[in-house]
Structures are given as structure tokens and as C-alpha cells.
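Structure record follows, encoded as C-alpha cells.
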Amino acid sequence: MEKIDITTLNDNVFTTIGKEWMLVAAGNEEKFNMMTASWGCLGWLWNRPVAIVYIRPERYTHEFIETNDTMSLVFLGNSEEARKAYAFCGAKSGRDFDKAKEAHLTPVATENGCVTFDEARLTLTCRKLYKTQIRPEEMLDKSIEQWYGEKGGLHDVYVVEILDAYKK
């Protein structure tokens with residue numbers, strides 16, 4: 001992995017997050033968890049590069065995010081192996097499985113201690129700046145309520161500063 005300047009990225013974030021997906025990983029190299037996410041934002045806020053990540057509190061990864069200041073956003077690409085890893089990490093809980101082993105991912109630590117995987121094409125290491133929750137009473141378009149209830153709890157929303165970027 002090579003550390004790169006975040007401003008040199010030219011990914012289309014609509015396809016990178018919405019179609020490729022990402023793993024949100026938190027913890028350290030000895031104890032961590034990751035989950036698949038296809039909702040997120042990248043941009044500029046408070047004069048720094050940021051990502052916005054949405055995590056349901058019932059997800060095991062949420063516990064790791066809550067107890068750590070940092071997390072990583074890991075992009076594996078669109079290969080058949082990557083799609084299998086995303087599918088597994090999105091459907092199974094780290095409470096029940098060693099997700100890295102089952103998904104054939106090799107964990108490595110970045111220089112600031114965030115977890116990524118040797119198979120990643122891109123990793124963004126991030127530090128939490130702000131947290132809030134999605135609240136039903138603030139939904140202006142009631143059609144978005146369809147994403148909650150039987151599908152899961154309301155998301156916690158984290159605005160995280162992008163500290164470093166690594167490319168393979």
C-alpha cells in the first residue's frame with residue numbers, strides 16, 4: 001500500500017460507494033470488526049476532507065466505532081472475490097464469525113493503527129469529529145421511513161475527518 005495525497009483521488013463517489021460498496025472497519029489489528037456499507041458521503045466540511053458514515057446501533061461494528069476514535073473505509077474493488085467478501089461481511093456478524101478469515105481478507109494496520117486489508121485497492125483512515133442520530137420526527141420526506149422498522153434501527157451518523165489515503 002502506498003500513502004497518497006487525498007486530493008489526487010479521482011473516483012466517482014456515486015459509483016465507488018453506491019455500486020462498489022465499502023467496508024467500514026474499526027478497532028485495532030488484534031481486535032476489530034468490519035461491515036459492508038453502500039451508504040456514505042465524501043466531501044469537504046469544516047475546512048477538511050470528510051466522510052459521512054451511517055451505522056445502525058445494532059451492528060457489531062458500531063461497538064468498535066463507539067470505543068475507538070478512528071475507523072477506516074476500505075474499498076476492495078469489483079472483482080468476484082471482492083463481491084463475495086462484501087456479501088459475507090454485510091450478511092454475517094463478527095459476533096459469530098471471524099469475518100476476515102471467512103471473507104479471505106488479510107488484516108494489516110496503517111501507520112496510525114487503523115485496520116485495512118492487504119486486498120484493498122483504496123483505504124481511507126478517518127477520525128471521528130461529530131455524531132448524531134437519524135430521527136423520524138426530522139424526516140421531511142416520509143417515504144424514507146421505508147428503510148427502517150423491520151429493516152433495522154435508525155442509523156447513527158458519523159462525520160469523520162479523512163486523515164490518510166492509501167492505494168494499492
Side-chain angles (χ1 to χ4, degrees), residues 1-26 33-59 61-62 64-65 70-92 99 103-105 110 112 114-136 138-168:
M1 259 185 318
E2 172 190 357
K3 191 172 181 180
I4 61 166
D5 181 338
I6 187 76
T7 63
T8 65
L9 289 179
N10 59 8
D11 284 38
N12 176 327
V13 296
F14 294 101
T15 56
T16 299
I17 295 172
K19 302 288 185 205
E20 176 185 336
W21 303 344
M22 64 183 166
L23 295 177
V24 179
N33 197 60
M34 72 284 207
M35 58 172 271
T36 301
S38 63
W39 291 5
C41 304
L42 296 176
W44 191 255
L45 182 64
W46 302 313
N47 279 340
R48 50 185 106 187
V50 299
I52 303 174
V53 184
Y54 306 87
I55 309 291
R56 294 182 197 267
E58 63 266 25
R59 298 297 299 259
T61 303
H62 187 273
F64 289 85
I65 290 171
T70 59
M71 67 180 77
S72 55
L73 308 180
V74 182
F75 301 89
L76 302 173
N78 282 310
S79 68
E80 185 178 338
E81 297 81 20
R83 301 310 312 161
K84 287 179 184 176
Y86 285 134
F88 186 86
C89 293
K92 304 296 182 187
K99 288 167 75 168
H104 306 289
L105 297 173
T110 65
N112 60 13
C114 287
V115 174
T116 188
F117 303 95
D118 191 50
E119 296 78 9
R121 72 168 189 83
L122 172 66
T123 299
L124 304 176
T125 62
C126 306
R127 180 178 64 89
K128 294 185 300 187
L129 296 173
Y130 179 83
K131 175 189 172 187
T132 191
Q133 297 85 31
I134 291 180
R135 293 184 278 281
E138 295 180 6
M139 293 180 184
L140 302 176
D141 180 340
K142 296 302 180 189
S143 71
I144 60 178
E145 290 177 356
Q146 69 178 313
W147 297 103
Y148 301 98
E150 289 181 20
K151 294 185 178 185
L154 298 166
H155 290 89
D156 281 346
V157 180
Y158 297 90
V159 177
V160 295
E161 179 180 12
I162 301 170
L163 300 173
D164 294 306
Y166 297 89
K167 268 195 148 173
K168 190 155 202 171

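Residues Met34 and Thr61 approach most closely at C-OG1, 3.4 Å, considering heavy atoms. Considering every non-hydrogen atom in both Asp5 and Thr8, the closest pair reads O-OG1, 2.6 Å. Scanning all heavy atoms of the two residues, the minimum distance from Pro57 to Asp156 falls at CG-OD2, 3.9 Å.
For the pair Thr123 and Lys168, the minimum side-chain heavy-atom distance is 4.5 Å or more. Taking 4.5 Å as the limit, every side-chain heavy atom of Met35 sits out of range of all side-chain heavy atoms of Ile65. Side-chain contact between Thr116 and Thr125: absent, with no pair of heavy atoms (C-beta onward) separated by less than 4.5 Å. Two residues are said to be in side-chain contact when any heavy atoms from C-beta on lie closer than 4.5 Å; Met71 and Lys128 meet this criterion. Contact annotation: the side chain of Met139 never approaches that of Trp147 to less than 4.5 Å [non-hydrogen atoms, C-beta and beyond]. With contacts defined as side-chain heavy-atom distances shorter than 4.5 Å, the pair Leu23/Thr36 qualifies.
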For residues 74-86, which side-chain donor-acceptor pairs fall under 3.5 Å, sequence neighbours excluded?
| residue | atom | partner | partner atom | Å |
| --- | --- | --- | --- | --- |
| Asn78 | OD1 | Arg83 | NH1 | 3.1 |
| Ser79 | OG | Glu81 | OE1 | 3.3 |
| Ser79 | OG | Ala82 | N | 3.0 |
| Glu80 | OE2 | Lys84 | NZ | 3.4 |
| Arg83 | NH1 | Glu20 | O | 2.6 |
| Tyr86 | OH | Trp21 | O | 3.2 |
| Tyr86 | OH | Leu76 | N | 2.7 |

Do any side-chain atoms of residues 39-51 form donor-acceptor pairs under 3.5 angstrom with protein atoms, and if so which ones, sequence neighbours left out?
| residue | atom | partner | partner atom | Å |
| --- | --- | --- | --- | --- |
| Arg48 | NE | Trp46 | O | 3.4 |
| Arg48 | NH1 | Glu161 | OE1 | 3.3 |

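From Ile4, atom CD1 reaches atom CG of Leu122 across 6.0 Å, with rounding to the nearest 0.5 Å. One finds the CE atom of Met22 at 13.5 Å from the SG atom of Cys89 (value rounded to the nearest 0.5 Å).
With Glu58 contributing its side chain and Gly153 its backbone, the two residues share a donor-acceptor pair below 3.5 Å. In this structure, Lys99 contributes its side chain and Asn33 its backbone to no donor-acceptor pair below 3.5 Å. A donor-acceptor pair under 3.5 Å is absent between the side-chain atoms of Thr132 and the main chain of Val157, judged by distance alone. Of the possible polar contacts, none joining the Thr70 side chain to the Cys114 backbone as a donor-acceptor pair under 3.5 Å is found.
The ring pair (Phe, Tyr, Trp, His ring centres under 6.0 Å) search around Phe64 returns Tyr60, not counting sequence neighbours.
More than 12 heavy atoms of other residues, nucleotides or ligands lie within 6.0 Å of NZ in Lys151, so this atom counts as buried by the packing criterion.
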